[in-house]
Amino acid sequence: MHEVAPELIGATLLVDGVGGVLVEVEAYDQEDPAAHGYRGRTPRNASMFGPAGQAYVYRSYGIHWCLNLACAEEGRAEAVLIRALEPTHGLETMRERRGLADPRLLCSGPGRLCQALGITREHDGLRLDGPPFELLRREREPELASAPRIGITRAADVEWRYVEKGSRFLSRAVPRA
DNA sequence: CACAGGATATACT
DNA sequence: GTATATCCTGTGA
């Protein structure tokens, strides 16, 4: 899972032809107190337990959707949270869904990203390598940076947040980058 | 910068 | 059943 998380940076993710290049992800595993799968399987996080390659979509704070890529085989809870991407496809559609013109605010955060790409519970459990998803291998080798994860209080010291260094489309700037 | 908004899950009474 | 916590964002100060 710590191999696939950095691999995702720079890859292109599309949903119904709308999306862009991933610039920010965070890794979670079952021993991680901050992860949903830590206390066992529930109806909400069932998709996090694999099989690898499927989407895990969950509701955050009762308002926002967040998209994860499950990367564990059946029985384990490992996932990569898609936090931000650089919009390259379907800008008009995203602007319409978000009601904003500034491309930097379209996908700079997990909740915003899901709104811009139209991701809901309907997509929970779907594979990311099949319709309506498209996952394109990255064409360039981005410069990576790692940092502590965001918005959590448990295990906040591990640097499992991977970003493209210097990207203008991150949800937050990387400290000391 | 503080804070409301509110689904889902766990911990407590 | 009630209380508390959470992988967050928009709005108003």
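Here is the naming used below: chain letters follow the sequence lines, and residue numbers restart at 1 for every chain.
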(request) Would you kindly compare M48(A) and R112(A) by the position of their nearest DNA chain C nucleotide and give the one closer to the 5′ end? (result) M48(A)
(message) Could you measure the distance from the CD atom of Q54(A) to the OG atom of S47(A)? Nearest 0.5 Å is fine.
(response) 5.0 Å
(request) Have a look at R161(A) and say if it touches a base, only the backbone sugar-phosphate, or nothing, with a 4.0 Å heavy-atom cut-off. (result) nothing
(request) May I have the distance from E24(A) (atom CD) to dC8(C) (atom C1'), rounded to whole angstrom? (result) 13 Å
(message) Counting only heavy atoms not in R41(A) (residues, nucleotides, ligands), do more than 12 fall under 6.0 Å from its CZ?
(response) yes
(request) Measure the distance from OH on Y162(A) to P on dC7(C) and round it to the nearest whole Å. (result) 18 Å
(message) Rounded to whole Å, please give me the gap between CG in L81(A) and C1' in dC8(C).
(response) 11 Å
(message) Which heavy atom of L113(A) sits nearest to which heavy atom of R83(A), and what is that distance?
(response) CD1-C, 4.1 Å
(message) Taking any heavy-atom pair under 4.0 Å as a contact, classify R149(A): base, sugar-phosphate, or nothing.
(response) nothing
(message) Less than 4.0 angstrom between a side-chain N/O of R59(A) and OP1 or OP2 of dT6(C), yes or no?
(response) no
(message) Is there a continuous path of hydrophobic side-chain contacts, each under 4.5 Å between heavy atoms, that joins I82(A) to L14(A)?
(response) no
(request) Give the cluster check for L117(A) versus L69(A): same hydrophobic cluster or not, with ILVMFWY residues linked at side-chain heavy-atom distances below 4.5 Å. (result) yes
(request) Select from Y58(A) and L105(A) the residue whose nearest nucleotide in DNA chain C is closer to the 5' end of that strand. (result) Y58(A)
(request) Could you check how far CZ of R44(A) sits from P of dC7(C), rounded to whole Å? (result) 8 Å
(message) Ring of W65(A), cation from R59(A) - is the NZ or CZ under 6.0 Å from the centre and inside 45° of the axis?
(response) yes
(request) Provide, to the nearest angstrom, the distance between the CG atom belonging to N45(A) and the P atom belonging to dA5(C). (result) 20 Å
(request) Using a cut-off of strictly less than 4.0 Å, decide whether R121(A) has a side-chain nitrogen or oxygen near OP1 or OP2 of dT8(B). (result) yes
(message) Can you measure Y38(A) atom OH to dA11(B) atom P for me and round it to whole angstrom units?
(response) 11 Å
(request) Could you check how far CG of D32(A) sits from C1' of dT6(C), rounded to whole Å? (result) 13 Å
(request) Indicate whether OP1 or OP2 belonging to dT6(C) is found under 4.0 Å from a side-chain N or O atom of R154(A). (result) no
(message) What is the separation between atom CZ on R39(A) and atom P on dC7(C), rounded to the nearest whole Å?
(response) 9 Å
(message) Using a 6.0 Å distance limit plus a 45 degree cone around the ring axis, check whether R149(A) lies over the aromatic ring of Y28(A).
(response) yes
(message) Of the options dA9(B), dC7(C), dG10(C), whose atoms approach the side-chain atoms of T42(A) most closely?
(response) dA9(B)
(message) Between dC1(B) and dC7(C), how far apart are the two C1' atoms, rounded to whole Å?
(response) 23 Å
(request) Check whether more than 12 heavy atoms from other residues, nucleotides or ligands sit under 6.0 Å from atom CD of E31(A), and answer yes or no. (result) yes
(request) Dot-bracket for DNA chain B, please, read 5' to 3', with Watson-Crick or G-U wobble pairs under 3.5 Å on both distances, ( ) within the strand, [ ] crossing, | other strand, . unpaired. (result) |||||.||||||.
(request) Measure up the H2(A) and W160(A) rings against each other and bin them: parallel (under 30°), tilted (30 to 60°), perpendicular (over 60°). (result) tilted
(request) Look at all strands and tell whether T153(A) reaches a base, only sugar-phosphate, or nothing, counting heavy atoms closer than 4.0 Å. (result) sugar-phosphate
(request) Would you jot down, in residue-number order, the residues of residues 60-69 of chain A having a non-hydrogen atom under 4.0 Å from DNA chain C? (result) S60(A), Y61(A), H64(A), N68(A)
(message) Using a heavy-atom cut-off of 4.0 Å across all strands, would you classify R172(A) as base, sugar-phosphate, or nothing?
(response) nothing
(request) Answer yes or no: does atom CZ of R138(A) have more than 12 heavy-atom neighbours from other residues, nucleotides or ligands under 6.0 Å? (result) yes
